[in-house]
Trainee: 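Dropping a structure here in structure tokens format, bear with me for questions.
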Amino acid sequence: MSTLREIGEHAALRKILPLLGTHPELRIGAGDDCAVCRLPGTGADQVFTTDPVIENIHFQSLENPMRIGHKAVGRVLSDIAAMGARPQWILVNVVAPPELEIHDLEKMYKGMMDLCNRFGASVIGGDLARGPALELHIFGTGLLPEKSALLRSGANEGDSILVTGPLGCSFESGKHLDFIPRVDEGCFLRESGLVNALMDISDGLATDLRHILQQSGVGAVLDGQAVPKAGTLKQALFDGEDFELLLTAPDPEELRFQWQEKFGTVLPVIGRVTAETGILRLDGQVLEAKAFEHFSPE
Ligand SMILES: Nc1ncnc2c1ncn2[C@@H]1O[C@H](COP(=O)(O)OP(=O)(O)O)[C@@H](O)[C@H]1O
Ligand SMILES: Cc1ncc(C[n+]2csc(CCOP(=O)(O)OP(=O)(O)O)c2C)c(N)n1
Ligand SMILES: [Mg+2]
């Protein structure tokens, strides 16, 4: 017998995911940023995701409630953006101790609603239950044209690897609370037809790129100098909670040109997809995995 602490979050998921069934209307089940389901007769697919934010894990106890609400919804919109979808419906489960101030609860909803309104998402329900610490569990859906979802499994050897913004120090800078999910960018990347694989960076570039490599059966080399950084290279690789999009593209110059036209910023190329299955190199050296792990002791 073993515990979550002993085997960790990722090994536990490898045990759980094979237990989940399939369904004829399910295109992509658990394992990507969102699940993708058919909506027959509509020409659209629907994506589904959920994430919690938990006191003292994802935010500190005395944090501004508006920022807590913003982050909770932002994480879910980021997963929806990472498929190239537009967010649609949001459900909110609040778990809270009885002492929570109603004014603070209202401010959390203000933070959630402001971000939902910005991207045309609607909160349509939820639940409220007692628990020892504050937790917001958000469930969200989105829409995109059928069969157009951008997956972690789409990378091909020779693709360039690109990232939508600077990485690292999100905890110190407060970006982990205030980031704007890359919804418009995700939709643009899908519509461009120039992207093979897409995901968002929650656990850090080094860990999340590895998910693309494993699911695509490829390897990668990163150019440390080219990675856009908010701090050191180590922080850019391992800190996590950047909520930028990570993508691979076979024709980066055309994509970068179109990106510049649309957003007026540079989309940096940070590496290349290789045939070395499962191997991630940084400036030639093999890079080992190291990331935030929910179940290991501090
Ligand atoms: N407890 C669970 N039961 C079933 N599927 C899960 C569970 N936890 C995570 N998953 C699935 O595993 C994949 C990876 O999860 P996670 O690392 O949380 O993704 P993300 O970083 O995009 O939020 C997702 O597709 C998610 O739906
Ligand atoms: C109070 C606090 N401690 C630590 C962190 C750092 N941190 C918390 S969760 C996390 C990784 C991402 O969270 P997870 O719940 O694994 O997101 P998912 O991959 O499921 O989207 C990081 C880097 C933080 N942001 N706030
Ligand atoms: Mg998650």
Side-chain angles (χ1 to χ4, degrees), residues 4 7-23 26-37 47-64 67-68 70-85 133-142 149-153 167-179 181-182 186 197-212 214-215 230-231 234-246 289-298:
L4 272 171
I7 73 167
E9 181 188 342
H10 291 106
L13 279 183
R14 283 197 294 276
K15 301 239 181 236
I16 294 173
L17 299 195
L19 305 178
L20 310 181
T22 59
H23 188 282
L26 178 63
R27 283 193 200 282
I28 306 292
D32 217 299
D33 295 282
C34 294
V36 184
C37 301
V47 301
F48 293 79
T49 186
T50 185
D51 264 313
V53 295
I54 302 169
E55 186 172 353
N56 292 324
I57 306 279
H58 299 95
F59 61 87
Q60 286 165 321
S61 291
L62 295 175
E63 192 49 75
N64 171 346
R67 297 176 95 193
I68 298 171
H70 176 103
K71 175 172 184 174
V73 163
R75 276 162 55 94
V76 161
L77 298 194
S78 180
D79 276 334
I80 292 170
M83 310 306 287
L134 179 62
E135 306 183 7
L136 296 180
H137 296 252
I138 312 294
F139 168 84
T141 73
L150 290 172
L151 308 181
R152 297 176 178 184
S153 57
L167 307 179
C169 298
S170 76
F171 184 65
E172 294 87 330
S173 68
K175 184 182 181 187
H176 77 111
L177 291 159
D178 297 329
F179 68 94
R182 303 301 186 201
L198 183 65
M199 73 178 297
D200 75 331
I201 302 182
S202 58
D203 287 332
L205 172 62
T207 299
D208 285 330
L209 178 54
R210 222 176 283 276
H211 290 304
I212 290 184
Q214 281 158 357
Q215 295 189 29
K234 193 164 161 251
Q235 288 166 325
L237 290 167
F238 298 111
D239 277 2
E241 297 211 294
D242 302 298
F243 302 106
E244 296 293 343
L245 296 178
L246 176 66
K290 178 166 79 75
F292 179 84
E293 158 61 58
H294 274 286
F295 299 102
S296 57
E298 295 288 307

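Each ligand, and each atom within it, is numbered from 1 in the order the structure gives. Small disclaimer: the values here were computed from a predicted structure and weren't measured.
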Trainee: Identify, by atom number and element, the atoms of ligand 1 in contact range of Ser202, meaning under 4.0 Å from any of its heavy atoms.
Mentor: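 Taking each heavy atom of Ser202 in turn, ligand 1 has 21 (O) under 4.0 Å.
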Trainee: Would you say Phe59 and Leu177 make side-chain contact, with heavy atoms under 4.5 Å?
Mentor: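 A side-chain contact exists here, since the closest heavy-atom pair is under 4.5 Å.
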Trainee: Just go through His10, Arg152, His211, His294 and tell me whose heavy atom is the nearest to atom 19 (O) of ligand 1.
Mentor: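 Ranked by closest heavy atom to atom 19 (O) of ligand 1, first place is Arg152.
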Trainee: Could you list which atoms of ligand 2 come closer than 4.0 Å to a heavy atom of Ile57?
Mentor: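 Those atoms are 1 (C), 2 (C), 3 (N), 4 (C), 5 (C), 8 (C), 24 (C), 26 (N).
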Trainee: For Leu4 and Ala12, which heavy atoms make the closest approach, and how far apart are they?
Mentor: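 Here Leu4 and Ala12 meet closest at CD2-CB, 3.6 Å.
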Trainee: Among Lys175, Glu241, Glu244, find the one that has a side-chain contact (heavy atoms from CB on, under 4.5 Å) with Leu167.
Mentor: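 That would be Glu244.
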Trainee: Any atoms of ligand 2 less than 4.0 Å from a non-hydrogen atom of Asp239? List them with their elements.
Mentor: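 Close to Asp239: 23 (C).
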Trainee: Could you see which bit of Thr50 sits under 4.0 Å from ligand 1, with heavy atoms only: side chain, backbone, both or neither?
Mentor: neither
Trainee: Where does Asp51 meet ligand 1, judged by heavy-atom distances below 4.0 Å: at the side chain, the backbone, both, or neither?
Mentor: side chain
Trainee: Counting only heavy atoms not in Leu19 (residues, nucleotides, ligands), do more than 12 fall under 6.0 Å from its CG?
Mentor: yes
Trainee: When rounded to the nearest 0.5 angstrom, what is the spacing between CZ in Arg152 and CE in Met83?
Mentor: 8.5 Å
Trainee: Does Asp200 reach ligand 2, in the sense of a heavy atom lying below 4.0 Å from it?
Mentor: no
Trainee: Please could you name the atoms of ligand 2 that Ser202 approaches to less than 4.0 Å, counting only its heavy atoms?
Mentor: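 Reading through ligand 2 atom by atom, the close ones are 11 (C), 12 (C), 18 (P), 19 (O), 21 (O).
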Trainee: Would you check whether His294 has a nitrogen or oxygen atom less than 3.5 angstrom from a nitrogen or oxygen atom of ligand 2?
Mentor: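 For ligand 2, there is an N or O atom that lies under 3.5 Å from one belonging to His294.
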Trainee: Within a distance under 4.0 Å of any heavy atom of Asp203, pick out the atoms of ligand 2 and give their elements.
Mentor: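 Counting from 1, the qualifying ligand atoms are 11 (C), 12 (C), 16 (O), 19 (O).
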Trainee: Looking only at side-chain N and O atoms, does His176 offer a donor or acceptor that is under 3.5 Å from a partner on Lys71?
Mentor: yes
Trainee: May I ask whether Thr49 places a heavy atom under 4.0 Å from ligand 1?
Mentor: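 No, Thr49 has no heavy atom closer than 4.0 Å to ligand 1.
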Trainee: Test side-chain hydrogen bond (donor to acceptor under 3.5 Å, both in side chains) on Ser170 and Asp242; report intermediate values, then the result.
Mentor: CA-CA 6 Å; Ser170 76; Asp242 302 298; 4.8 Å; no
Trainee: Checking contacts here: is it the side chain or the backbone of Arg75 that comes within 4.0 Å of ligand 2, counting heavy atoms only? Could be both or neither.
Mentor: side chain
Trainee: Report yes if Asp32 has an N/O atom closer than 3.5 Å to an N/O atom of ligand 1; otherwise report no.
Mentor: yes
Trainee: Name the option, out of Leu13, Ile28, Leu19, that contains the heavy atom nearest to atom 2 (C) of ligand 1.
Mentor: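 Comparing heavy atoms across Leu13, Ile28, Leu19, the nearest one to atom 2 (C) of ligand 1 lies in Leu13.
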Trainee: If the cut-off is 4.0 Å to any non-hydrogen atom of Gly31, which atoms of ligand 1 fall inside it?
Mentor: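 Those qualifying, in numeric order: 13 (C), 24 (C), 25 (O).
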Trainee: What pair of heavy atoms forms the shortest contact from Val53 to Ala72, and how long is it?
Mentor: CG2-CB, 3.6 Å
Trainee: Which heavy atom of Leu205 sits nearest to which heavy atom of Leu246, and what is that distance?
Mentor: CD1-CD1, 3.7 Å
Trainee: Please list, in number order, the atoms of ligand 1 under 4.0 Å from a heavy atom of Asp33.
Mentor: 22 (O)
Trainee: Going by the closest heavy atom to atom 22 (O) of ligand 1, which one wins out of Asp79, Asp203, Asp200?
Mentor: Asp79
Trainee: Should His58 be counted as touching ligand 2, given the test is an N or O pair under 3.5 Å?
Mentor: yes
Trainee: Take His10 and His211 through the test ring-ring contact (aromatic ring centres under 6.0 Å, His included) and record every step on the way to the result.
Mentor: CA-CA 11 Å; His10 291 106; His211 290 304; 5.5 Å; yes
Trainee: Which atoms of ligand 2 sit under 4.0 Å from any heavy atom of Phe171?
Mentor: 1 (C), 2 (C), 24 (C), 25 (N), 26 (N)
Trainee: Aromatic ring centroids of His294 and Phe292 under 6.0 Å?
Mentor: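 Centroid separation for His294 and Phe292: below 6.0 Å.
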Trainee: Considering all heavy atoms of both residues, which atom of Asp239 and which atom of Glu172 are nearest to each other, and what is their separation?
Mentor: OD2-OE1, 4.4 Å
